[in-house]
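To keep things clear, I will list the structure first and then write my remarks on it.
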Amino acid sequence: GPAHAAPDLEAAQAIVDEHSQIPTFEPPGEPFDAKACMADKKLFSVPTSSSIPFVDGIETSMEEVAEEIGFEFQQWKNQAQPTQWVQGMEFAINNGFDGIDLMAGIIPSSLGPQAAAAKAAGIQVFATHWADTTTPDDPAATHSFPIPYTRVGEIIGAWITVKTEGKANVLIIGSDDVPATTPYRKSVQATLDKLCDGGCSHTYVNVPVAEWATKIQTNVQGALIADPTINYIVPIYDSMSQFVLPALTITGKKGQVKIATFNGTPFVIDLVRQGEVEMDIGESLGWIARSTIDAEMRSLCGLDVPEDLYVPLLIFDKDNAETAGVPAGFNQGYGDEHVSGYRKLWGLE
Amino acid sequence: MSEAFRRRHRGDAPVLDVRHLSKRFGNQLVLDDVGLEVLPGEVHGLLGQNGSGKSTLIKILAGFHDPEPGAELVMYGEAARLPMPAGGARALGIAFVHQHLALIPSLTVVENLRLNDLATQNRVAINWRREAEKARATFARFDLAIDPRARIQDLPQVERALVAIVRAFEEVKDATAGGRGLLILDEPTPFLPKAGVEQLFLLVKSIAADGAGVIFVSHDIDEIREITDRATILRDGKLAGTVVSKDVDHDGFIELIVGRKVSLFQSAKPDLTARPVAARVASLSGPMVEDVGFAVHEGEIVGLTGLIGSGADRVPSLLYAAQRARAGTFSVGGTTLDLATILPEHAMAAGIAFLPADRLGAAGVGSLSITDNISLPVLSDFMGAFGLSWPRLTERARSLGRDYEVRPNRPELNLSALSGGNAQKVLLAKWLQTEPTLLMLDEPTQGVDVGARQTLFAALNGAASKGTAILVASTDAEQLAQICHRVLVFAGGRIVDILSGDAVTKDRITEACLKSTTLTALHPREEAA
Amino acid sequence: MSEATATPGAAPINWKRHAEAYALVFALVVLFCVFGALKPVAFLSWANISTMLGSQSVLVFLTLALIIPLTAGDFDLSIAATLTLGAMMVAVLNAQMGVPLPVAMVCAIGAGAVIGMVNAWFVLYFRIHSLIVTLGTGTFINGIVLWISGSSTISGIDPVLVTYVVVTRVFGIPLVFYYALTLAIVLWYVFGYTSLGRRLLFVGRGREVARLSGIRVDRVRFFCFIASGMISATTGILYVGTIGAADPNSGNTFLLPAFAAAFLGATAINPGRFNAFGSLIAVYFLVIGITGLSMLGIQTYVQNLFYGGALVTAVALSQLVRKREAQDFS
Amino acid sequence: MSEATATPGAAPINWKRHAEAYALVFALVVLFCVFGALKPVAFLSWANISTMLGSQSVLVFLTLALIIPLTAGDFDLSIAATLTLGAMMVAVLNAQMGVPLPVAMVCAIGAGAVIGMVNAWFVLYFRIHSLIVTLGTGTFINGIVLWISGSSTISGIDPVLVTYVVVTRVFGIPLVFYYALTLAIVLWYVFGYTSLGRRLLFVGRGREVARLSGIRVDRVRFFCFIASGMISATTGILYVGTIGAADPNSGNTFLLPAFAAAFLGATAINPGRFNAFGSLIAVYFLVIGITGLSMLGIQTYVQNLFYGGALVTAVALSQLVRKREAQDFS
Ligand SMILES: Nc1ncnc2c1ncn2[C@@H]1O[C@H](COP(=O)(O)OP(=O)(O)OP(=O)(O)O)[C@@H](O)[C@H]1O
Ligand SMILES: Nc1ncnc2c1ncn2[C@@H]1O[C@H](COP(=O)(O)OP(=O)(O)OP(=O)(O)O)[C@@H](O)[C@H]1O
Ligand SMILES: [Mg+2]
Ligand SMILES: [Mg+2]
């Protein structure tokens, strides 16, 4: 980058540090008696796809939490078919549920008719873990509970700045068909520009989810050969990494080019432990499940609802990767403050 | 047993001796305890009406069909396995010319020529150049110039037949060298012109002379009597008897085949050229046809004949635009068609019907039912209040089947389940029901048995007497003589002779063809020398 | 090819034929009863039944689009991409560019027709195998969809569309089902009771025979491609109407199910031939299974197992009824 | 080399046929030059060339698996699922259950063989159209994969595999390319110069005739299915070796590209017949375009446009050379 560039490494380091230690629990709202107010309520959840372990994991621990509190919870297993989502919505409407939770990526207005029908039937529609906090709420939903993707972008940007001392050439791979992508990758770019003070360059490649397997490898290869100075790759969702790695192997760039990503998918944390991937930002799935249930219960119980999900982000790198378990799990390494924390909040203890 | 015929190796065990052969298709017993014995050096005829089971018997020997349990097969005195294991027939020295030639159209001549070797023996490092050279040499010995790299589908019907015949002869020759060999010809002649047939017979005789046995299937009694020593007749799948060919006369054979006396159809031969013209062809030119012009009159049956490559067989398909003509006009009824531009539907609209020779390739769809096939040209007549009336369509198909003696007359059967001859009846019915102004047929009785022929001929004549003009392209002099009022003889794509009235006889037609030009047919040098 | 089909209106009642024709219907009923027994309240509720009927009408529509070229002997692998394009065009034109809905719909269907023409042109003029042409055009269309949509989901379509597709109901069943039913009836009638349908069949089974019987083979195939293109695009519109938004990918996932339904359907009602009601039955046979499984909350991989297993088993059974007579669609 | 195979038989050099046989090769060269001119340094670098050769070998392998049943006249839509299963079995057995690599590989290939048998059994015993059977089994296998993998990506496979697939290089090209090349040569020889290969062709082009000539048609088809199953599973192993991990979905995206390559390849080298080197050329023709476009940093949807467009155009051109004579693969 330009010689006059004066990267702000302290600021970057601060961001990194903030997300490098196990999160502590701060109550996201007033305590309330969940058992009492949820006693006669039924909650229904449609995940974007039950074939995504991360999502299915959230659903499962939501089920457990609901069990614990003692209200009826049903998830609608599906394989990412919008027609299946439709069926799920109608099922909930026809079977007297009080709330429908569209989990992890379903855009409420992409089920406009059903959402409208649900509201008309007096059912609250929640869109959880689907968009960024900066994304305007979706009118089709009663409440949107986003998570801080922009923050994720900042962390990754900061990490790269720190590691390269502000001299990075970053290849960002995203999927514009996922709603969170645009604010998220823009935040990565913005952070790099800001913290590196022009010392970092970045290019963005859009690969729709359906084409990860066929396009990521070729495009990364092409980019690496076309621009040998690339020294960081940011697959903004960590499951992309498996297609990035072979590109590194085959172009002989392994080791020279680092990977920084997000999601905390176990096999990627394993790769972090093995040094194939440099860092992976994770979110505790049990934490997501609880904050989701919490927010939705508050809404169903007529309490005031939080703006977004309370999901702490934790950096996994070579040093703390094994805290996630060997092989890694979805829910390890984040501590367990949230478990007791939320029990207290809900008056279960 | 009779010694009335030439036997090469006196006292040798029969080449083929099969007994208690039965075959059932669904609930139809197609072969019923049939037996057949062929001696070394014998040419043995196999006769029977369409659907009597000839090809089925042959396909059993090829290992294509499994016979019902209880059949016995003895070859060269040794018991052989039935059902025939894959490749077994070849191992036993049996070579076939199957009724439908058993060639693969989309593959090349040399591949088809080597088909059976490749099928039965494991070879590596095949040198296709050498294979092709060998093929060329082989064809050369038969005085044939067929490009080994041409695809079968690009060859005319005649040359396809020649490829299949040459293949069989080459195979059986090898076997005969080893003192074995059985050549089975299932209706090889319909595709060949008279002269070709004669050359084929020379070959057959020479093979037999070397001690091989030959089974020869044909519907042409004269051929049978000329070439075979003995003949076995099947009737509805049962053995109707085995006779010494020269002891039985023409009518005797027919009686054996049909099971009753049959009076050969013979139309009167009035001169109908005075009648109004139904269709007039002017300066027709196209592939193998040069500047041909003629007229057909109402109720007249005109034959088109000639040797291989004479172009006679092309005329109907050119007139119907099945093949594109270069030039020419064609006036039927009121309308005049420009043959260089018309499409089949135009010809149809002008009241022309055309029955091609390629039965299941171009004339009818094997995978569809008789009803479906028959009803195609007349659907508009069966539009009820609620669209097509299937019950009526089926009824029509059944009644037509009755009229044309289709066996079995079950309209729901797929066309492919019918024997060749019966399929032909169905397809003729398909077109005759449209009562066309002009009906054109290409080899209409190819592979149709003597009984069925009379039915078809009567039908054609009936149509003619109602005023339909009919064009028949055929190399079968006998049938032309039976039905035609006039016969146009072709050579080099031109009309070289016209026979009419009493001149329309089998011999005169044959003669006219032969002297029309020198021919290029089967003619191995061995025989010449 | 079974004698059954081949015996249109054969006089005597033919039990084998009926067993064959209705085997799949029977299987469907059995499956329905099984899930009904397992989840009586939810599954047997009219609400659920109407939901199943309504939410899968899109697949029915697409399958019906597919069997037209299949009957004429051509594959069309571009139907799913065309569906996606149709959906996306309506979304982009109407929601983003504010074009009135009817206009947007006409454009979408027009695009479908164009795609059909392009397919037909390559297949008929260049004589390329339809499989490879439509494989190529399909991929191409996907590219166009990603382009015009910026590869993101687009919502905010005029609610009128939604109203006339899923919101309005008759006997509790969304209108879209009746659209599908109507199309099925039309195709059933055309295939079975008009000479046009016969011509289609002959073109598919014997091109040369058809030609020599005065049928303009190429023209018929041409219109079949256009028909499948237009119906696929229409399906896209209904898809938008069903979920109220268009996304660039999910449409493509309909391709294999549509083929499955078409071939499975060809074992029912009019066995041995692609036929409208067979396809309808086939779709709902598969849907009942999937829905039942999700209601029971069973792991989703079981849905794949059921889907694949049921497909093969169902066809195998119907083949047993036909005494394993070889299937011949050409 | 190949004209002898193309239309067996010797004759004076036939320019038309050569033009036809090498049209695609020519197109490939042209495309290569174009991108070479646009991005000389990067695109023409040996690094790039070896990368392209190495990274697409998996697709080459799969395509070669596909052309075996295609030549014998059967579709196999289950190849992609089989690939995924093969990959996942190695991953689960080796990475999760600690089974030694060779054993895991044998199991995977064995599974491929079993799948082939199942396909063959349904096609040959029940006489079901291969398209529908393999569509069903493919879906079923996907279910199995999701099941054994818990539908998650599995990494941590014995690095030896990776070493022998992509890490080790000869002339800078990863070994996997030479594996693909070897398989191509074997198939080229078998198809072209052995009676076994011709039997496949006979079976594919004329089942009846093949039987009349004493070919055990069903046995040939049986082995073709097994071969494609085993090679597909092997492809899966190579895929794991390339990626170092196995995920339950990505393998399926190879299905359509493999078909595209097989049919495109059938227009080259040995036109009108599925052939090994044609498939090879076809794969690399398409990848050159994709790679070039990605190097120019053009929007990725353009890659779909290129892929679809190039596929159809290439075939169309080769058809022009053949004077638009109808393609006939059966
Ligand atoms: N694959 C089959 N399935 C059912 N029936 C068959 C089949 N093949 C032949 N048949 C029936 O078996 C009977 C004998 O047929 P075959 O072909 O042997 O008669 P053919 O004597 O050769 O008649 P042609 O002289 O016309 O050739 C016919 O009735 C035919 O309909
Ligand atoms: N597309 C078709 N092709 C051939 N035959 C048909 C077709 N459609 C209907 N048929 C036949 O026409 C006759 C009348 O059809 P329709 O189904 O209306 O009455 P049906 O006798 O009740 O038929 P089925 O009892 O088989 O349901 C039936 O024999 C049917 O098999
Ligand atoms: Mg016969
Ligand atoms: Mg016959």
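Lettering of chains follows the sequences in order, A, B, ..., and the numbering in each one begins at 1. The figures that follow rest on heavy atoms only: side chains count, while hydrogens, waters and symmetry mates do not.
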Considering non-hydrogen atoms only, spot the tightest contact between [X] and [Y] and give its length.
X: B:Ala86; Y: D:Gly214; result: CB-O, 3.4 Å
X: D:Val209; Y: B:Leu103; result: CG2-O, 3.6 Å
X: B:Ile126; Y: D:Ser195; result: CD1-N, 3.6 Å
X: B:Ala119; Y: D:Ser213; result: CB-O, 3.3 Å

Give, for atom [atom1] of [X] and atom [atom2] of [Y], the distance between the pair rounded to the nearest 0.5 Å.
X: B:Leu101; Y: D:Leu212; atom1: CG; atom2: CG; answer: 11.0 Å
X: B:Arg114; Y: D:Arg198; atom1: CZ; atom2: CZ; answer: 13.0 Å
X: D:Arg205; Y: B:Leu107; atom1: CZ; atom2: CG; answer: 5.5 Å
X: B:Asn122; Y: D:Arg199; atom1: CG; atom2: CZ; answer: 4.5 Å
X: B:Lys59; Y: D:Arg211; atom1: NZ; atom2: CZ; answer: 9.5 Å

Quiz item: Taking everything shown except D:Arg219 itself, do over 12 heavy atoms lie less than 6.0 Å from its CZ?
Solution: no
Quiz item: Has D:Phe26 got more than 12 heavy atoms of other residues, nucleotides or ligands less than 6.0 Å from its CZ?
Solution: no
Quiz prompt | Donor-acceptor under 3.5 Å (D:Tyr189 side chain, B:Ala125 main chain) | solution = yes
Quiz item: Is D:Arg273 salt-bridged to B:Glu111, cutoff N-O under 4.0 Å?
Solution: yes
Exercise. List in chain and number order the residues that pass side-chain hydrogen bond (donor to acceptor under 3.5 Å, both in side chains) with B:Asn116, two or more places apart in sequence or in another chain; answer none if no residue qualifies.
Key: B:Glu171
Practice problem: Under 4.5 Å, counting heavy-atom pairs only, tell me which of B:Pro85, B:Ala102, B:Ala89 racks up the most with chain D. | Solution: B:Ala102
Quiz prompt | Residues B:Leu118, D:Phe202; criterion side-chain contact (heavy atoms from CB on, under 4.5 Å); working and verdict | solution = CA-CA 10 Å; B:Leu118 295 169; D:Phe202 293 149; 3.9 Å; yes
Practice problem: Identify which part of B:Arg123 has an atom lying under 4.5 Å from any heavy atom of chain D, answering side chain, backbone, both or neither. | Solution: both
